[in-house]
Amino acid sequence: MTGARLSYLIDGKLIDQPLKGEDVTVGRSPQMGLTVPESVPGISRHHATIQKRGLTWWLVDNNSRNGSFINQTRVTEAELHHTDVIHLGPFEIQFLAPEPVKATWTALMMGSLAEPNVEFADRDPSLVSRTIDLANFRAGKSIDDAAPLPLFATSKPTKVAPTPELQSGSRLADQAWAIELFSEVGRALQVSTDLDEMFETLLTLLFSQVPAERAFVGLIDSATGEVLPRMTRLAEGLLGQSFQLSRTILRIAIDSRQALLVEDTMEDSRFQEALSIRQTSICSAICVPLYRDGHVEGVLYVDTREKEAPLTAHHLEITTALALFLAVAVEQFRLREKAFAEQRLRQSLARYSSPAVVDRILQAGDAGQMIADKEVVTVLFSDLKGFTTMSEKLTPASVVEVLNAIFTRLTDAVFQQQGTLDKFMGDGMLAFFGAPLRLPDHPLRAVRAAWEMLTAVAEFNQSNPDAEPIGIRIGINTGDVIVGDIGSMTRKDYTVIGDTVNVASRLESSVAGTNQIAIGPQTYEAVRHEFTCEPLEPIRLKGKTELVQPYRVVANNRR
């Protein structure tokens, strides 16, 4: 089993550091559990601590000067979740949670939790002696012998004959057991950090109140409508046995939105041929759909073979109440996971695109385009000239400050044209236009952004008259690329690869002069109505057998 770990880059090397249970302090001091190089700006000597608290890990800021961030949100202390990204200044750490662990039970707990080993059999229900209608909490003594319906039918729920209301004084209405039990359930909802932990806690509570020998929790697959086993609980004497359920009982409970108490299974002739019934001698069973706001999320099933202590209407009420809490928990966890997934996607997109583009991608549901695929885009390479000479006269902190100031201006030019920032490479930059947000005029947007980059560099030089002037070279090319999340299992980046990218790089490094924009032939055809371009001598770029006709952008006709 793999435990929690930290993943980060130091000097271009990817480090995978296991968290072994003790606290890990991060900072510039050599005595830290994770020492950040002195060259990384904005890091305090004892910047932050990653602490183990029970079953969870937390990030605690140690009153650092520049603060600690989780997923771009500044925190004093906060719990860490799988794939959270920690930022301490520009230093990035990804927290990776442990692999899911199968829950175990101590001897003090009743029974044992087992891997779901569940079989479904098409058997009719036995004597249904009590039902609870989850839609309006109407209870009765029996259920109609309705004609069998396909499991998880898309039609309306099975109609059940009206039954008299529960008598006043029912345990479900007002009983002391409910106060203590629901108090425990409330605490479980507060402290559980994942769905399996919630199921484990509530099944433990259920076994403490109901004389069940087996319990099963299944969730409905929204795509297929099938019940997928999620967790089972077995009494000590049944460990290792398979768990066979009646598909028809599940179907009626789910379709009718009713909690069912099934009694006297051994006396029902319809079960006489069921091998699982004969082997386990099931006496009584309860099946309750996980019902919430008109939807069934799954099912909770318990049974026993003890004739001396059968499941009763009181146990049906307890199981139904817990099933309602389980349904709420499932919905809450799914909503939370959906929110976390959208947050992670937003954070990932925000690394490459402007906030407005991120919003458009999420609203349009185009996030699937992050998957690697072949697209036609326009690729832009830029490289600063004269920056190396300038940096030799500056302190490391000043070099970073100047570079950040220039890159901010260049990135703004890309984002204004709804482009995607791929990466910074030393004092160079790679961007592209036309993915993940498809733009029919992506060549034009790329050249517009490049023209704004020339202006941005000129303005930077004007605002720093005492410094050595900085220049910029830009190469742009349009064509087919592979674009998407590309990388290793531990780290992927949204990037572009292919011959189009290589040509754009060669146009920047071998064709464009200082403060010039060199573009390929396909880009030229798309922008010549807005920009004046002059043809250059056809060249054979490195790695290319055919000559390439480059153009230099000399004027913006709309200015």
Problem - Sidechain N-carboxylate O distance under 4.0 Å for E468, K393 - result: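 Yes, charged N to carboxylate O under 4.0 Å.
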Problem - Salt bridge flag under 4.0 Å for residues R438 and E375 - result: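 Looking at R438 and E375, the cut-off is met.
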Handout entry: side chain to side chain donor-acceptor pair (under 3.5 Å) between Q17 and Y8, worked out
Key = CA-CA 8 Å; Q17 177 176 338; Y8 51 89; 2.6 Å; yes
Practice task
Could you list all the ring-ring contact (aromatic ring centres under 6.0 Å, His included) pairs where at least one residue sits in residues 503-526, not counting sequence neighbours?
Solution key: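 Non-adjacent pairs meeting ring-ring contact (aromatic ring centres under 6.0 Å, His included): Y524-Y551.
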Side-chain donor-acceptor pair present, [X], [Y], cut-off under 3.5 Å:
X    : Y    : answer
S64  : H47  : yes
S398 : T395 : yes
Q31  : S29  : yes
T532 : N557 : yes
S44  : N62  : no
S7   : D16  : no

Keeping [X] on the side-chain end and [Y] on the backbone end, is there a donor-acceptor pair under 3.5 Å?
X    : Y    : answer
N464 : F460 : yes
T455 : W451 : yes
S509 : S505 : yes
N477 : V379 : no
N461 : A458 : no
R445 : D441 : no
T378 : A446 : no

To the closest 0.5 Å, what do you measure between [atom1] ([X]) and [atom2] ([Y])?
X    : Y    : atom1 : atom2 : result
T408 : L410 : OG1   : CG    : 8.5 Å
I50  : L80  : CD1   : CG    : 6.5 Å
Q418 : F433 : CD    : CZ    : 10.0 Å
L324 : L300 : CG    : CG    : 10.5 Å
I406 : M453 : CD1   : CE    : 12.5 Å

